[in-house]
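Notes follow once the structure below has been shown.
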Amino acid sequence: MNILAEIVDSLLGGQDERVAELTRQAIGQGLPARQILDQGLIAGMNRVGELFQSHEFYLPEVLLAAQAMNAGMEQLKPLLIQEGVPTRGKVVLGSVEGDLHDIGKNLVGIMLKGAGFEVVDLGTDVPPQRFVETAREQGAPVIGMSALLTTTMPGMAAVVNLIKQQGLAGRIKTIIGGAPVTEKFARQIGADAYGYDAASAVQRVKTLVGAD
Ligand code: B1M
């Protein structure tokens, strides 16, 4: 079994220390961080999602797998973040109200930092007002929102509407993403951008702040 398949396997088994160790080994073998992420850790989490959907996995297994994913991501973080890149501006980031999923959001944060953005991470379950107030207080030109549940997606529209109501449209731009979110939904609610994955989120944010 190759090392990426081993990472997937250990992640499915919720073995956080093993996933960290295998990730370090993969880095040591010279595999690019992006490949370890996409074909190891993210591939593993996608499989977890399938098993959860088919009722072969339950919440405890999903939670353990998520912890293992985080353990692997910790190893990759230094490679994804290049130190010393000059700041391109602030991004307020969070998972929307009612949503406790944060792995994808954290990945977007890591990649944004790696691209030189300062990230104000509000964590999970963030109410609309908090996104907008923080962006105002911090002078952040971009709010990034993540949602993994179809039921929490309306929270994204609430933020976009709040920005409009407060006359901040154009001054504070929004980017949304997460597994159930689509480009079409972004257009429907009037968000300024949609990110399919963490890399495309970085590209879109660069465009939003005119730094591409
Ligand atoms: Co949850 N969960 N979960 N869960 N969970 C999903 C999302 C689900 C699809 C599983 C399934 O049924 N197949 C399903 C949602 C169904 C739906 O709404 N249509 C689901 C459910 C139902 C639930 C609960 C309701 C279960 C329950 O309690 N009965 C519950 C809800 C809790 C809540 O939020 N209120 C719940 C709980 C949990 C755990 C806590 C156990 C755990 C989360 C742990 C954590 O995040 N710390 C968890 C997990 C791990 C998952 C799955 C298995 C994996 C999610 C993940 O981390 N993927 C997930 C199944 C799946 O998505 N396949 C599932 C890896 C991550 C790297 O990908 O987050 O998509 P992702 O991020 C990507 C892109 O989407 C994008 O970039 C990232 C990197 O490429 N992206 C952005 C993300 N945010 C972005 C923001 C951007 C741009 C791009 O701009 C700002």
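Here the structure is a predicted model, which is why all the values come from computation and not from measurement. Order of listing sets the numbers, starting from 1, for every ligand and every atom in it. We're numbering straight along the sequence, starting at 1. Basis for what follows: all heavy atoms, side chains included, without hydrogens, waters or symmetry-related copies.
- Looking only at protein heavy atoms, the nearest one to atom 49 (C) of ligand 1 is V62 CG1, 3.4 Å.
- Nearest non-hydrogen protein atom to atom 5 (N) of ligand 1 is H101 NE2, 3.1 Å.
- With respect to atom 20 (C) of ligand 1, the closest heavy atom belonging to the protein is L149 CD2, 3.8 Å.
- Annotation: side chain of I176 is in contact with side chain of I189 (closest heavy-atom distance under 4.5 Å).
- Taking atom 35 (N) of ligand 1 as the reference point, the nearest protein heavy-atom neighbour is G98 O, 2.9 Å.
- Between the choices L63, L148, L93, the shortest heavy-atom distance to atom 39 (C) of ligand 1 belongs to L63.
- I42 places a side-chain heavy atom less than 4.5 Å from the side chain of L107.
- Residue S146 has at least one nitrogen or oxygen atom sitting less than 3.5 Å from a nitrogen or oxygen atom of ligand 1, judged on distance alone.
- Proximity of atom 24 (C) of ligand 1 to the protein is not indicated, since no non-hydrogen protein atom lies closer than 4.0 angstrom.
- Within a 4.0 Å radius of atom 87 (C) of ligand 1, the protein contributes at least one heavy atom.
- Interface of G144 with ligand 1, defined as ligand atoms under 4.0 Å from a residue heavy atom, comprises 91 (C).
- Contact check for D99 versus D125: no side-chain heavy atoms found under the 4.5 Å cut-off.
- For the pair L100 and ligand 1, the shortest N or O to N or O distance falls below 3.5 Å.
- Partner L37 forms a side-chain contact (heavy atoms from CB on, under 4.5 Å) with one of I7, L76, T23 and no other, that one being L76.
- Residues L122 and L93 have side chains not in contact (no heavy-atom distance under 4.5 Å, counting atoms from C-beta outward).
- At least one N/O-N/O distance between D102 and ligand 1 falls below 3.5 Å.
- At the shortest separation from atom 85 (C) of ligand 1 among protein heavy atoms lies G177 C, 3.5 Å.
- Salt bridge E74/K77: present, at least one basic N to carboxylate O contact under 4.0 Å.
- Counting only heavy atoms from C-beta outward, the side chains of I103 and M45 approach each other to under 4.5 Å.
- Among all non-hydrogen protein atoms, the one lying nearest atom 61 (C) of ligand 1 is G49 CA, 4.3 Å.
- Set against the non-hydrogen atoms of A198, the atoms of ligand 1 under 4.0 Å away are 77 (O), 79 (C), 80 (O).
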Show your reasoning for whether side chain to side chain donor-acceptor pair (under 3.5 Å) applies to Q25 and E21.
CA-CA 6 Å; Q25 277 180 28; E21 171 58 27; 3.1 Å; yes
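- You'll find the side chain of N70 reaches within 4.5 Å of the side chain of M73, heavy atoms only.
- With respect to E183 and R204, a salt bridge is recorded, a charged nitrogen being found less than 4.0 Å from a carboxylate O.
- Ion pairing of E133 with R136 is absent here, as no side-chain N (NZ or NE/NH1/NH2) approaches a carboxylate O to less than 4.0 Å.
- Of the protein's non-hydrogen atoms, the one nearest atom 58 (N) of ligand 1 is M45 CB, 4.0 Å.
- For ligand 1 and L107, the ligand atoms under 4.0 Å from any heavy atom of the residue are 79 (C).
- The nearest heavy-atom contact from the protein to atom 89 (C) of ligand 1 is G195 O, 3.2 Å.
- Distance check for atom 83 (C) of ligand 1: a protein heavy atom is found below 4.0 Å.
- Of all atoms in ligand 1, listed by their number and element, those nearer than 4.0 Å to a heavy atom of Y196 are 74 (C), 76 (C).
- Side-chain contact between Q129 and E97 is absent, with no heavy-atom pair separated by less than 4.5 Å.
- Distances from ligand 1 to the non-hydrogen atoms of Y194 include no value under 4.0 Å.
- Atoms of ligand 1 lying under 4.0 Å from any heavy atom of I175, numbered from 1 in the order shown and given with element: 90 (O), 91 (C).
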Could you give me the CA-CA distance, side-chain angles and deciding distance for R18 and E6, then say whether salt bridge (charged side-chain N to carboxylate O under 4.0 Å, His left out) is met?
CA-CA 9 Å; R18 181 80 185 132; E6 272 191 73; 3.0 Å; yes
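- Inter-residue side-chain proximity for K206 and F117 is flagged as met; some heavy-atom pair is nearer than 4.5 Å.
- Between T150 and ligand 1, at least one N/O pair is under 3.5 Å apart.
- Comparing heavy-atom distances from atom 75 (O) of ligand 1 across G104, G94, A179 singles out A179 as nearest.
- Residue contacts with ligand 1, taken as heavy atom pairs separated by less than 4.0 Å, involve M145 solely via the backbone atoms N, CA, C and O.
- The closest approach between any non-hydrogen atom of G178 and ligand 1 is below 4.0 Å.
- Looking at D99 against ligand 1, both its backbone and its side chain come within 4.0 Å, counting heavy atoms.
- Checked for salt-bridge contact, D121 and K90 miss the test: no charged N lies under 4.0 Å from a carboxylate O.
- Distance screen at 4.0 Å: atom 52 (C) of ligand 1 has no protein heavy-atom neighbour inside the cut-off.
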